[in-house]
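Take a look at the structure below.
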Number of protein chains: 2
Amino acid sequence: MTVTLADVAARAGVSPATVSRVLSGNYPVAEATRARVLRAVDDLDYVVNGPASALAAANSDLVGILVNDIADPFFGIMAGAIQSEMGPAAPPAADVWGVGQAPGGPQGRAATGPAGPATAAEKLAVVCNTNGSPERELTYLTLLQRQRAAAVVLTGSAADGPEHTERLAAKVARLVAAGTRVVLCGRPPVAGALALTFDNRGGARRLTEHLLTLGHRRVGYIAGPAERTTTRHRLEGHLAALAAHGLPAQAPGTQPGGDPAAAEPPPLVVHGAYDRASGYDAACELLRREPGITALVAANDTVALGACAALRDMGLSIPRDVSVTGFDDLPFSADAAPALSTVRLPLYEAGARAGRLALGREVPPPGGVAMIRAELMIRDSTAPPLAPGR
Amino acid sequence: MTVTLADVAARAGVSPATVSRVLSGNYPVAEATRARVLRAVDDLDYVVNGPASALAAANSDLVGILVNDIADPFFGIMAGAIQSEMGPAAPPAADVWGVGQAPGGPQGRAATGPAGPATAAEKLAVVCNTNGSPERELTYLTLLQRQRAAAVVLTGSAADGPEHTERLAAKVARLVAAGTRVVLCGRPPVAGALALTFDNRGGARRLTEHLLTLGHRRVGYIAGPAERTTTRHRLEGHLAALAAHGLPAQAPGTQPGGDPAAAEPPPLVVHGAYDRASGYDAACELLRREPGITALVAANDTVALGACAALRDMGLSIPRDVSVTGFDDLPFSADAAPALSTVRLPLYEAGARAGRLALGREVPPPGGVAMIRAELMIRDSTAPPLAPGR
DNA sequence: CTGTTAGCGCTTTCAG
DNA sequence: CTGAAAGCGCTAACAG
């Protein structure tokens, strides 16, 4: 029925082993034989049987990418970046020994070595949508483990509970033990995995400081869903800035060991999903609680846009009546009216780096953990309050 | 090293065959034995070896999803919807004999064959980012074929050239021959594949008609990249509407057999990528060519937002000075200022349906092809021109 | 450089 | 209902 490697071997008049060798290109084969085999492959329209080869070689060319919401550009951008690194291996065999160098520069000798792969196998990036569910995250990890994935990249915030954290750690340990490389992109480190963490706390702190410096004193905070690391870190940064200015924040996150989710949230903080609708609702709620608010800090850009819509509908002008800030700096943020002041996270660059780490194409950072800087982007949605001070 | 099915069998005191049967649940096994096996699986923390089982069973639980741009919500939404259908088969045991029904309505028999699994294996949806490159599309299809994917869903516009069309058709034929189900979502039919096509032409025609009815006569068109089916269809709809109103359009797409890409584009049409930047540039270019333009029709919402930004920067008011329309109705479109008049494509619903078709969980439409309706969404970015008529 | 020989871990008839 | 045995298609030592 379907054509196999044996068929190719027969047609080329060689042994199956030889065909395998020219196909994986990791072993010297006479040029003439090689050509003959390639012709046979072509004639027969042969396509390797992935499962069979994965079984025999005890490895696969699958790389898993877990995202919380594939419809959200935040994840789309990272996923795309990760995947962009999955093409045929550029680096020559010289890098096999971990002497690696940064991409972009001259690559030194194209040491094909005794048997440099003509072209390292193309990796198949598979992105899996967890919908933010810790359960599905674990399920996908098992599925990936079952496929003997070469690597797994987990993107975005993690569930914040100790229970999930532990289960995840166990799963990661098992994956790593099975030879799967695990890299985290945008979430806190886990033993055994490489991690690229975003400076959510620092970015948030500086953003709120910007508002405070402008003169705002009553600022509302629209937080993301509780029980997510990113939500917590951004909120902590915000509260830290308030505290530094001596503002009463009832900051739960600042009590060491305190569980922010369990504690009563400060009056000017409201939680919601990372989407536009919840930004809209939260803005209404906050303005209801405290009509004197002059600035709204949103958990991310999407939420901020929802908040802007709400303010507009209330007849309030941005930033004249109320300043609004986002987080992430997604492409549309610069385009909003007014352009959104936000914190830029280098999503694409981070994703690309994570992809390289997953493939072992980049030297891991010391300790296996690197912090990605967040940069303040001040645009038109923030301005001094009409009546500065309180 | 890694625990295998044989280990489980040993621990449960049964044969490997029995373990296999319990795990795939497609064969009667005594309840007691079953429980013992399950316990052993649990104790040993056993995870099936995907490749091995795929090899032996000659099928895999991978489903491929090809997208042109994973960072674009247009694709993210569809991909998420498709993936949402990949969970464990919903149909209960009663359905084992194929008496089942699709979720959401009686669908006749869901031919599961004589021995449907109690719980169909969870499918692993793998989304692959082609970046709009026909080459990569073919490459991914080969990769998926190599993995013996259970199904493949191709989303969004296809490359429009006859050469690629033919190569794609050949590839699809091969996949189908190998038992992979192929479904198209948002692109024209291909022999052997199921197709859900969007009514791009009709939607575009009605959208432009809306503008014409409002009184616009000089309307610029910002087209997507040439050589893409979606680009062509939307442009054709636009030109058809102009022609129906007796407006000189120099419509290349209306000459039967004419190659739109090769022909000189009408003066008020400019092509660009499906992104914001190109919308911005195109708007500038069109206004330069024809300052009298009173309406701009963009290839999609993202492009439209770019155009809006350009108009704003020129000091033009929307819709007072210039009306703007988009296409797709992505979530952010309702939020733009002003809210965008556009054409709504039921992306999520279409994706979900495509997912069900890919899994054989829904009866295919007659002829294997269904047209998805596009709905006009008139909001605030369109209004009559200041000086109606020409 | 190339052929031979064993499996990789699981599924699946075919007999009990 | 359960076990035994025969591969699925490919890779990886080993010998030539």
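Every heavy atom of this structure was used, including side-chain atoms; hydrogens, water molecules and symmetry mates were not. Proteins come first, then strands; the chains are lettered A, B, ... in the order of their sequence lines, and each starts at number 1.
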(message) Going by side-chain hydrogen bond (donor to acceptor under 3.5 Å, both in side chains), name the residues that satisfy it together with Thr130(B), two or more places apart in sequence or in a different chain.
(response) Asn68(B)

(message) My understanding is that only residues two or more places apart in sequence, or in another chain, count here; which of them pass side-chain hydrogen bond (donor to acceptor under 3.5 Å, both in side chains) with Thr165(A)?
(response) none

(request) For Ser15(B), enumerate each residue passing the side chain to side chain contact (heavy atoms under 4.5 Å, CB included) test, keeping only those at least two apart in sequence or located in another chain. (result) Ala17(B), Thr18(B)

(message) Suppose we screen for salt bridge (Lys or Arg N to Asp or Glu O under 4.0 Å). Which residues come up paired with Asp45(B), at least two apart in sequence or across chains?
(response) Arg174(A)

(request) For Arg148(A), check salt bridge (Lys or Arg N to Asp or Glu O under 4.0 Å) against everything at least two apart and list the hits. (result) none

(request) Report yes if the side chains of Thr2(A) and Val47(A) come closer than 4.5 Å at any heavy-atom pair, otherwise no. (result) no

(request) Apply side-chain hydrogen bond (donor to acceptor under 3.5 Å, both in side chains) to Asp43(B) and list each qualifying residue two or more places apart in sequence or on a separate chain. (result) Arg11(B), Arg39(B)

(message) Below 4.0 angstrom, which residues in residues 29-54 of chain B have at least one non-hydrogen atom near DNA chain C?
(response) Tyr46(B), Asn49(B), Ala52(B), Ser53(B)

(message) Per the salt bridge (charged side-chain N to carboxylate O under 4.0 Å, His left out) rule, what does the pair list look like for residues 126-144 of chain B, sequence neighbours excluded?
(response) Glu122(A)-Arg136(B), Glu135(B)-Arg167(B), Glu137(B)-Arg187(B)

(request) Walk along DNA chain D from 5' to 3' and tell me the first and last nucleotide with an atom closer than 4.0 Å to a non-hydrogen atom of chain A. (result) dG9(D) to dA13(D)

(message) Taking side-chain hydrogen bond (donor to acceptor under 3.5 Å, both in side chains) as the definition, give me every residue that meets it alongside Ser53(A), ordered by chain and number, with sequence neighbours left out.
(response) none

(message) Once side chain to side chain contact (heavy atoms under 4.5 Å, CB included) is applied, do any residues pair with Leu194(B), and if so which ones, sequence neighbours excluded?
(response) Val183(B), Leu357(B), Pro364(B)

(request) Extract, from 5' to 3' on DNA chain C, the first and final nucleotides lying under 4.0 angstrom from some heavy atom of chain B. (result) dG9(C) to dT13(C)

